K.L.:
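Handing you this structure, nothing more for now.
A quick note: this is a predicted structure, and the numbers were derived from the prediction, not measured.
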Amino acid sequence: MPRNKLRAYGLPFILLFLLAVSILLFFNDLIQRPAIQGFILDRASEALGFHIRAEALRLDVGNGLALKARGFRAWSRDGTEEVEAASLEIGLNGRELIRGRIVPTRFHLERPRVLLNPGGPALPGPSVLWIPKGTFLEKLAALGSVSVSGGEVRLSTIPYHLEALRFSLSERGDATDAFVVNLHGEVVSGEDRVPFSIRGTLHPRAGGTALETRAALAVEIRNLPAIWLSHYAPFGITGGRLSAEFDLTGSLGATVRARGSLNLNHFKFFITGGERRKDYRFPRATLAFEALRKGWRLQFPRLELRMAGASVNAGLVLDLKERNNPWLALRISHPFMDLQTFKALMPTPILPEAVEDCYVPLFSKADVRIESLRLKGTLSQIKHLDRPANYERFSLKLRMKEGLALQGLGGMPVEKVAGSLLMQRGGLSLEGVSGRFGTSFFKKGSLRIPDLFREPSRFSIAVEGDYDLEDLARQAELEFTPAGVRDVVSKIDY
């Protein structure tokens, strides 16, 4: 009796299994026929909007029901995009296959080579993180699960390409319709190879394009040659490497926010103004940042550069619509630092030559604080601040204390110098200046120079203090003391 029950219940399952195997063998036999293969590829071409060809199609059940092929090739109808792969695997919905419908559930490419824009017009868009509407990549992203191993991507309009790509995109499996993305690979140019990874989630907009997809991604980049960024920077970059870790959130077609840090190693750059140039070198530095990108406009509400002996706080806005002459707005502040550090950081090429040649050398020691340095204008305007039309583009406010001035210039050194300096509209003013020399001291000193860029320049000076006549007589020996002042002091009987 048990054997009869086993035969009664087990036989249907055996028959069902044999039926499933028969169906698979039947479909596999059909797929081997050129006409059927052509039909399948034509249907796939219609679905993706690309011409598709492949060799040796067959059914496989090793990793779920799937259609496998070798020698896969796809190309866009306008000839601007090509994809080749050593092998292709398309997961199929078995229930729909029995009904005569081919419904892909996953897509895997082995060692694909993607060529974007081979011979076509330049792809528009403000960002290399842009997926052109209607491309093969965007079509694949519409599937529930996509993976790539050993991939390569080349874009004809830039001198870099991607290699060793490992990519997976799959539905998260909850009610949010989100996708989990993992991408690892290398950016390659010449002999330089830069590892990178992108991990996170994508939230497609129903009926929208890739540009409307919201993203939350964690990005890591290692050992990037800084000179690769020279085309995008408002200053010259000559060397160094950087590594980055930051989070990206937002939509590529709208607003993208970033927050993270850059580690700079032997970073070298320069700034210019007219015929002058100053080179900078940071052996080790860290730049913490917050950024916002919308279209061609980049905003950095927070930039904090930390290095040995200095910590610079800044904010920056860049408009890259005119790539060869970007517009920028920069503000910088820095806590008290020693004079040597200030001289090393001071952007002398964009300042009046008199600042570097005449005024800064008067001091041999001081603590200096940058309360505010502001630049606003196009790059060409900032490089020519000496033109009256560009005077409004720059301002600088400094605070000084514990200064030592006029040492070795023929008179008496002035100690404990303190005060505020303001440069704006092409002029310079000193306010609240105090100090002492010998047994004399002064306070509430002021100096106003209306135009630093013109020679000779008028100036006015006022000072209040208590002076010893002998000290004044010695100060008349200073190298820059006007002859008339020396004559007056020499006639004083003390």
Side-chain angles (χ1 to χ4, degrees), residues 126-127 129 217-221 224-250 255-273 278-320 326-337 341-342 344-351 368-379 382-383 393-399:
S127 170
L129 297 176
L217 305 172
V219 181
E220 294 185 19
I221 302 171
L224 174 75
I227 201 167
W228 286 11
L229 305 177
S230 58
H231 186 63
Y232 305 96
F235 48 81
I237 298 177
T238 56
R241 299 267 175 170
L242 62 87
S243 297
E245 294 185 9
F246 55 94
D247 295 327
L248 284 175
T249 58
T255 300
V256 177
R257 300 178 184 274
R259 183 175 184 177
S261 63
L262 301 177
N263 292 317
L264 308 175
N265 294 307
H266 302 289
F267 183 63
K268 295 184 287 185
F269 69 99
F270 66 89
I271 60 174
T272 58
K278 182 171 182 177
D279 290 271
Y280 294 84
R281 182 176 182 273
F282 298 154
R284 293 284 187 276
T286 299
L287 178 66
F289 68 90
E290 294 179 7
L292 177 70
R293 195 225 77 178
K294 189 172 184 179
W296 295 103
R297 194 175 182 89
L298 293 173
Q299 299 180 46
F300 296 87
R302 173 177 169 261
L303 292 168
E304 184 179 352
L305 180 65
R306 297 186 295 269
M307 53 190 164
S311 178
V312 180
N313 295 302
L316 175 65
V317 178
L318 277 174
D319 192 321
L320 300 175
W327 180 92
L328 65 89
L330 172 68
R331 57 173 175 78
I332 292 176
S333 63
H334 193 293
F336 277 109
M337 62 190 132
T341 301
F342 172 72
L345 295 176
M346 187 170 58
T348 48
I350 64 174
L351 300 178
V368 183
R369 181 175 71 199
I370 301 176
E371 295 190 344
S372 173
L373 184 155
R374 294 180 181 271
L375 286 167
K376 188 175 184 179
T378 65
L379 193 57
I382 291 170
K383 287 182 177 180
R393 305 294 173 184
F394 171 79
S395 68
L396 173 64
K397 186 175 182 180
L398 302 177
R399 180 71 182 169

K.L.:
Nearest heavy-atom pair of Leu375 and Phe394: which atoms, and what distance?
P.N.:
CD2-CD1, 3.5 Å
K.L.:
Would you say Phe267 and Ile237 make side-chain contact, with heavy atoms under 4.5 Å?
P.N.:
yes
K.L.:
Under the side-chain hydrogen bond (donor to acceptor under 3.5 Å, both in side chains) criterion, do Arg281 and His266 qualify, and how do the steps go?
P.N.:
CA-CA 6 Å; Arg281 182 176 182 273; His266 302 289; 3.0 Å; yes
K.L.:
Nearest 0.5 Å please: distance from the CD1 atom of Ile370 over to the CE atom of Met337.
P.N.:
3.5 Å
K.L.:
Using a cut-off of 6.0 Å, state whether more than 12 heavy atoms not belonging to Lys278 lie near its atom NZ.
P.N.:
yes
K.L.:
Just wondering, do Thr272 and Lys383 contact through their side chains at under 4.5 Å, heavy atoms?
P.N.:
yes
K.L.:
Looking only at non-hydrogen atoms, find the nearest pair between Phe246 and Ala258 and report the distance.
P.N.:
CD1-CB, 4.5 Å
K.L.:
Taking everything shown except Arg257 itself, do over 12 heavy atoms lie less than 6.0 Å from its CZ?
P.N.:
no
K.L.:
Would you say that Asp319 contacts Thr378 through its side chain, given a criterion of any heavy-atom pair below 4.5 Å between the two side chains?
P.N.:
no
K.L.:
Once you round to the nearest 0.5 Å, how far does CZ of Arg297 lie from OG1 of Thr255?
P.N.:
12.0 Å
K.L.:
Please tell me if the side chains of Pro347 and Leu373 come closer than 4.5 Å, counting only heavy atoms from C-beta onward.
P.N.:
yes
K.L.:
Give the minimum heavy-atom separation between Pro335 and Ser311, together with the two atoms involved.
P.N.:
CD-O, 3.3 Å
K.L.:
Output the distance between atom NZ (Lys397) and atom OG (Ser395), rounded to the nearest 0.5 Å.
P.N.:
10.0 Å
K.L.:
Assess whether atom CZ of Arg259 is packed by more than 12 heavy atoms of other residues, nucleotides or ligands within 6.0 Å.
P.N.:
no
K.L.:
Given Arg293, which of Leu320, Leu318, Leu298 fulfils the side-chain contact (heavy atoms from CB on, under 4.5 Å) condition?
P.N.:
Leu298
K.L.:
Hey, can you tell me if Phe269 and Phe282 have their rings parallel, tilted or perpendicular (30° and 60° cut-offs)?
P.N.:
perpendicular
K.L.:
Answer yes or no: is there a side-chain heavy-atom contact under 4.5 Å between Leu345 and Met307?
P.N.:
yes
K.L.:
Report yes if some heavy atom in the side chain of Leu330 is under 4.5 Å from a heavy atom in the side chain of Ile382; otherwise report no.
P.N.:
no
K.L.:
Considering only heavy atoms from C-beta outward, does the side chain of Leu242 approach that of Leu287 to under 4.5 Å?
P.N.:
no
K.L.:
Under the side chain to side chain contact (heavy atoms under 4.5 Å, CB included) rule, what do Val368 and Arg399 come out as? Steps first, then yes or no, please.
P.N.:
CA-CA 6 Å; Val368 183; Arg399 180 71 182 169; over 6 Å; no
K.L.:
How many angstroms lie between CG in Leu316 and CZ in Phe289, if you round to the nearest 0.5 Å?
P.N.:
12.5 Å
K.L.:
What do the steps show when you test Arg331 against Ser372 for side chain to side chain contact (heavy atoms under 4.5 Å, CB included), and what is the final call?
P.N.:
CA-CA 7 Å; Arg331 57 173 175 78; Ser372 173; 5.7 Å; no
K.L.:
Could you state the interatomic distance from OG1 (Thr348) to CD1 (Ile271), rounded to the nearest 0.5 Å?
P.N.:
6.5 Å
K.L.:
Quick one: pull up CZ in Arg374 and OG in Ser333 and give me the separation to the nearest 0.5 Å.
P.N.:
9.5 Å
